[in-house]
Each structure stands twice: as structure tokens, then as C-alpha cells.
Amino acid sequence: MPESPLHEPVLEWYDDHQRDLPWRRPEASPWSVLVSELMLQQTPVARVLPVHEAWLTRWPTPAALAAEPTGEAVRAWGRLGYPRRALRLHGAAVAIVERHGGEVPDAYTDLIALPGVGDYTAAAVASFAFGHRHVVLDTNVRRVLARAVSGRELPGPSVTRAERDVATALLPDDPATAATWAVAVMELGALVCTAASPRCGDCPIADRCAWRAAGHPAYDGPARRAQAWAGTDRQCRGRLLAVLRDSDLPVHRSALEAVWPDGAQRTRCLETLLADALVAQVGPDTFALP
DNA sequence: CATGCGTGGAA
DNA sequence: TTTCCAAGCAT
């Protein structure tokens, strides 16, 4: 389903406005792309940039990372958030060495079999790193298509069949063009067609946007539940892990008690961190990164 | 399919 | 000061 009136303006806009990101440069390796995609899951580009650079310097290949303890990945992950992603990236590196001779695979089915790689990430790596033709459906793309094509402000909570059909119908036939289209729509969503304050005045397809034509009707789907934070297990786990991350030596229980007063919750969170293999117990009362 | 999972900057 | 996130994944 090639020629859509959306293609040319979006591709031209991307050519003029795309950000210069390390994982988009011609010399970027598939490993660099994969690392960036894991880090960018729910984490803003600005915070990923320095960690990605340090990561690729220290571990230029999957084999280099796979040779290290998982705790080194957790430490290097720093404050990107969702540190289980660090374990998954390490696990992906191990799997790449074991199953693919140390080379990041280019096939979607091989990619999605890696830890931490779901539909979006598999399609993104196959498309961005290898130029393959895939529907790359992230939250940015979903929002752009919801607006421009479907006339709604925001996509629903989960990907629908109809949404995927729309994205598939718009995907250019030529693989190279499809890959550029995928990253271009995503970039448009990230820079112009943003969630909160879309800059329709800068949008290359504003005159073809169904949402704009309909007068920017407000989102009418199910309310997205706000995520609580203060006092949650997530906050507690974050505090505990930060103590271990910031110490080169194993830490005593007392150091953990100091950052979270609620003993029952602290104990429970420490247990889940141990169960998740984000923390290791190295003595009767001492803990460290694995 | 609904939930849980971190973080720090912007509105 | 609160709120709301930001290129999802696993269960």
C-alpha cells in the first residue's frame, strides 16, 4: 500500500528536522541500536544519551557485556529506572553470544526471542539497524496515527487490530523507505505531535490531519490510571537498590534500614529484589549487586 | 488483559 | 507544590 499523501511531507520533514542521535548514525552498530532501544523503553532520550555512550565504550559488543557479572550491568544502568532492563540487556547479550555467534540477529523472530525485547523493540531493531520492513508501533507512532488518520487525540491503552491495520496500510513497500518512514513518524510524534502540547503549527501534515480537521476533540477513551509513587514498593526498591549501586563494597542491613523506615515493606522489597536477581545476599546481614 | 516495574524534569 | 509523564516488557 505505497503512496499515501502523508509520506512525502513526513519524509521531507524528517530529512530536515531529525535529531542527530548516536544510535542513528551510519556507523552505529546493531548492538548500539539494541542497547538504545532497551534504554529508551519508558526513559527520555536526554537521560539515555550519556549512559548509552558510556555503555558502548565499555561494552562495544554483546560478548563484552556477556562476559561480565550481571551486577556490573545494573551498576552501569545508573538511574535510568526500571533496572530489570539492565538484567534483560545482559541476558540478551548472553543469548546473542550463545545463539547467534555474538552478532545481533536481524530477524524479527530471533530478536523477539531475546530477553527484554517485545514486539516494538524487535521491529525497531530489525527496521533501524538492518533496514528491514516492519510495522514499528510505539506510543509516538500510535499517537500520530490516532490523530492524523483516525481523528482521535490519543490512542487507547492497548494496541488494537484496527490500529495495526492502519499502520500496515501506510507502510511503504520498499524496505529502505519503510524503515525511514518508521523512524520519521516516530520522530514526528516525539518532536511535534507530542502528547501534551502538540505543535500543529510546525506539523508537515497539519492540513491532512483528521484530528485537527475535527477541531481537536478531547480524548474520550477509558481514563488512564495515575501511577502512585510516594510510599510504593517501587520507590522503596529504588531506594534500596540505589544504596547498593552507590557502594563498591557489600552493605549491611543497617544501611538499608536507614533509607526506608517501614520495616515490613523494606523486608518485602528486599525479598523481591533478591527474587528478581537485582540484589544478591553475600552474608548473613550483607547484600551487594549480583 | 490488567498490573507492577524507576526516575527526574517539565507543566 | 502536585501532576504527569517517556521509544515497553513480562506475567
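Order of the sequence lines fixes the chain letters, A, B, ..., with proteins taken first and strands second; residue numbering starts at 1 for each chain.
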Can you say whether a donor on the side chain of A/Arg19 sits under 3.5 Å from an acceptor on the base of C/dA7, or the other way round?
yes
Residue A/Tyr82, side-chain atoms from C-beta onward, closest of B/dT7, B/dC5, C/dC9
B/dC5
Any N or O donor-acceptor pair linking the side chain of A/Thr232 to the base of B/dG4 at under 3.5 Å?
no
Which is more 5' along DNA chain C, the nucleotide nearest A/Gly116 or the one nearest A/Ala196? Just name the residue.
A/Ala196
Between B/dC5 and C/dA7, how many Å separate the two P atoms, rounded to a whole number?
22 Å
What's A/Leu21 touching, base or sugar-phosphate or nothing? Going by heavy atoms closer than 4.0 Å.
base
base_contact_polar (B/dT7 base, A/Arg234 side chain, donor-acceptor, <3.5 Å):
no
Contact class for A/Trp77 vs. all strands (heavy atom < 4.0 Å): base, sugar-phosphate, or nothing?
nothing
Between A/Asp138 and A/Val117, who's closer to the 5' end of DNA chain C by nearest nucleotide?
A/Asp138
By the 4.0 Å heavy-atom rule, please label A/Pro157 as base, sugar-phosphate, or nothing.
nothing
For A/Arg84 and B/dT3, what is the distance between atoms CZ and C1' respectively, to the nearest whole Å?
11 Å
Calculate the interatomic distance between A/Arg268 atom CZ and B/dC5 atom C1'; express it in whole Å.
14 Å
Within this structure, what is the CZ-to-P distance between A/Arg85 and B/dC5, rounded to whole angstrom?
15 Å
Give A/Ala46 one of three labels, base, sugar-phosphate or nothing, depending on what nucleic acid heavy atoms sit under 4.0 Å from its own.
nothing
Report the C-alpha distance between A/Tyr108 and A/His134 in whole Å, list the side-chain angles of each, state the deciding distance to 0.1 Å, and finish with yes or no for ring-ring contact (aromatic ring centres under 6.0 Å, His included).
CA-CA 9 Å; A/Tyr108 174 93; A/His134 282 283; 5.3 Å; yes
Going by distance alone, is a donor N or O of one side chain under 3.5 Å from an acceptor N or O of the other, for A/Arg237 and A/Thr272?
yes
Rounded to whole angstrom units, what separation is found between the CG atom of A/Leu241 and the P atom of B/dT7?
7 Å
Answer with base, sugar-phosphate or nothing: what part of the nucleic acid does A/Arg142 contact at a heavy-atom distance below 4.0 Å?
nothing
From C-beta outward on A/Thr121, which listed nucleotide comes closest to its side chain: C/dG8, C/dA7, C/dA6?
C/dG8
To the nearest angstrom, how far is A/Leu240 atom CG from B/dT7 atom C1'?
15 Å
Please report the closest heavy-atom contact between A/Leu154 and A/Arg143, naming both atoms and the distance.
CD2-CD, 3.8 Å
Quote, to the nearest angstrom, the C1' distance that separates C/dT11 from B/dC1.
11 Å
note: A/Leu89, atom CG; B/dC5, atom C1'; distance rounded to Å ~ 17 Å
Tell me whether the OP1 or OP2 atom of C/dG8 has a side-chain N or O from A/Gln42 closer than 4.0 Å.
yes
Would you mind classifying the nucleic acid contact of A/Asp276 as base, sugar-phosphate or nothing, using non-hydrogen atoms under 4.0 angstrom?
nothing
By nearest heavy atom, map A/Gly81 and A/Ser197 onto DNA chain B; which one lands nearer the 5' end?
A/Gly81
What pair of heavy atoms forms the shortest contact from A/Arg133 to A/Pro175, and how long is it?
CB-CA, 4.0 Å
Heavy-atom side-chain proximity of A/Thr121 to A/Leu111 below 4.5 angstrom
no
Can you find a side chain N or O atom of A/Thr43 that sits less than 4.0 Å from OP1 or OP2 on B/dG6?
no
Answer yes or no: is there an ion pair linking A/Asp165 with A/Arg161, defined by an N-O contact shorter than 4.0 Å?
yes
How is A/Leu80 classified with respect to the nucleic acid when contacts are heavy atoms under 4.0 Å: base, sugar-phosphate, or nothing?
base
Please report, rounded to the nearest Å, how far the P atom of B/dG4 is from the CG atom of A/Leu278.
18 Å
Distance-only donor-acceptor check, side chains A/Tyr120 and A/Gln41, under 3.5 Å
no
A/Arg237 side chain N/O closer than 4.0 Å to the phosphate oxygens (OP1, OP2) of B/dG6?
yes
In whole angstrom, give the distance that lies between atom CZ of A/Arg47 and atom P of B/dA10.
10 Å
